[in-house]
Amino acid sequence: MAIFSRRTLQRLIDENTEFLSKKQIAKHIDALNLNKPIYQEWLESEKNINDLIEVYLNTEWEVAILNSLSKFGKISHEKKIGRSEPDIFFTYENNFEFVGDITCITGKQDKDNISLAFKNEFKEIIDREHPSGFWEISLRGNSREMDFCKVKPRLMLEGKTQWREIFTSQEFIKFIVRVKDNPERRDSFDYKKVKENPEPRLPNQIEMYRNVLVDIDIRYEPRTFYQVEYRQFDDRKIVSIENDEIYKSLLKKYNQLIKTNYDGCLGIFLCDGIGNTFNRGDLLYTNSRDVVNKFLADYQKIDFVLTITSEIKQSNYLSKPEVKIVLFQGYGNKLNSKIVEFLENHLIKVFSKPARTIVDARDALKFRFLDKETIISAPSRGLVVSSDEVKISSRTLLELLAGKLSLEKVSYYLGFDSYKSSIPNDFLTELNDGNLFSDVSFEKGENGKDDDWIIFRFSEDVSISPFRMPNKYE
């Protein structure tokens, strides 16, 4: 569903039964299926969507890494060692062994929650008005203040109270009305709010915008399609190494690994859950590589950090995503040449092929988790519906494909437009139930009726259905 295809994940789960217990397999399945009550509670709350993404991506990477290691040697997962239960205790024949933990960088939750909720509320307003066109939202931050004062990154939009003021302002309402009345013309809306009692500025001091609370720009472009795109200030620039997300995540794993009292090689598998996590950095700021190296210098009992991400080569955006592994060596003396060769060159060869980049994976999960609409089938229109098939008039389908039916009419009669139609979408029902097409056939109309029927039959498919317990444990 996210980084790896669901078929790939199910295969890995099945293969992992060779070294994982039923309880451990069930833990992975529960996370990927969101089976726990707490996950369902988060699903009902928009502010917890990023928590769900973190759980899902962490689980995907863990399943894939454990599977890859198992191709080369003996692996124990969550084995009790000292006062801890690390993710990995790996033995490569008689050559070497190491203990490691897996962690995933998933970013600052507050920023994502604010931006996601803002975008959703804006889209609700636009959907109610039913305009077409391309809408681009740009949310700014305190980049100038960061550049000159090295302060913490801040998004200039802090909560619902502020953006409700935007959506109810006369300027915003006039902007929407102008677009409705003149959909063929470009238009824009700019909004900036400053503190009522601004902080004083010293003589000759450059304006740092520290007095700005909200700074947002919305552009409208006349297009034949409808799309809302959101761009926001990147608040992941590294101002302080010790406060960076990478450093804090590594430190958390160090505190767990050190409890093992293991005197052999210790390592951390650091996975990307945002995109561009390990490529950050510019002329004014420290980069991600510096953060990892600083951590290894500060905590020399950790012998290596292996970063893992899914990305497309910058030189060719048309190519398929691939897993990228980079080894950072620590400053101790327990990382021998055989471990280095294994981690740098051999492990990548058996890693499963990803289906998406990290950025696309996060977008796919957000789309899935926010699609909360529950549809109940009802054979009350031009479709005939049963538990495992949908019949649609062949004439209707041909008119649709030929462009003879308007989009509004298609959306209404097939239940695609939830704003205009109360008719349920039976195809969405099958999709939500984890079913895909298994057969498509043709049936002549009965008693000389004008309509013949195209019959779509469905069956469960692991590419969209819930992950299942492997047959070994059933």
Close side-chain approach of Phe269 to Asp87, heavy-atom, < 4.5 Å:
no

Within-4.5 Å side-chain heavy-atom neighbours: Cys271 and Ile65:
yes

Those residues at least two apart in sequence (or on a different chain) that pass ring pair (Phe, Tyr, Trp, His ring centres under 6.0 Å) with Phe72 are Phe342

Can Asp244 and Lys294 be counted as an ion pair, charged N to O under 4.0 angstrom?
no

Less than 4.5 Å apart, any side-chain heavy atom of Ile88 and any of Leu69?
yes

Atom NZ of Lys252: over 12 foreign heavy atoms under 6.0 Å
no

When you look at Ile166 and Phe189, which way does the side-chain contact (heavy atoms from CB on, under 4.5 Å) test go after all the steps?
CA-CA 10 Å; Ile166 298 173; Phe189 168 78; 3.7 Å; yes

Taking CZ in Arg140 as the centre, count heavy atoms belonging to other residues, nucleotides or ligands within less than 6.0 Å. Is the count above 12?
yes

Please check if atom CZ in Arg186 has more than 12 non-hydrogen atoms from other residues, nucleotides or ligands closer than 6.0 Å.
no

Take Phe437 and Phe458 through the ring pair (Phe, Tyr, Trp, His ring centres under 6.0 Å) test and state the conclusion after the steps.
CA-CA 5 Å; Phe437 294 128; Phe458 303 86; 5.2 Å; yes

Heavy-atom closest contact (Leu257 atom, Gly267 atom, distance):
CD1-O, 3.5 Å

Check against side-chain contact (heavy atoms from CB on, under 4.5 Å), Phe172 and Ile125
CA-CA 11 Å; Phe172 180 80; Ile125 294 172; 4.2 Å; yes

Going through the checks in order, is the side-chain contact (heavy atoms from CB on, under 4.5 Å) test met by Glu311 and Ile358?
CA-CA 7 Å; Glu311 60 183 35; Ile358 300 299; over 6 Å; no

May I ask you to test the His28-Leu20 pair for a side-chain heavy-atom distance under 4.5 Å?
yes

Salt bridge (Lys or Arg N to Asp or Glu O under 4.0 Å) with Lys27: which residues, sequence neighbours excluded?
Glu78

Less than 4.5 Å apart, side chain to side chain, heavy atoms only: is that true for Leu52 and Leu365?
no

Are Ile53 and Tyr56 close enough that some pair of their side-chain heavy atoms sits under 4.5 Å apart?
no

Pairwise side-chain contact, Tyr299 with Leu250, heavy-atom cut-off 4.5 Å (strictly under)
no

What pairs meet the side chain to side chain donor-acceptor pair (under 3.5 Å) rule with one or both residues in residues 8-18, with sequence neighbours excluded?
Ser5-Thr8, Gln10-Asp14, Arg11-Glu15, Arg11-Ser352, Asp14-Arg468, Glu15-Asn67, Glu15-Lys71, Asn16-Asn67

Would you call the rings of Phe90 and Phe98 parallel, tilted or perpendicular if under 30° counts as parallel and over 60° as perpendicular?
tilted

Salt-bridge criterion met for Asp190 and Lys192 (N-O under 4.0 Å):
no

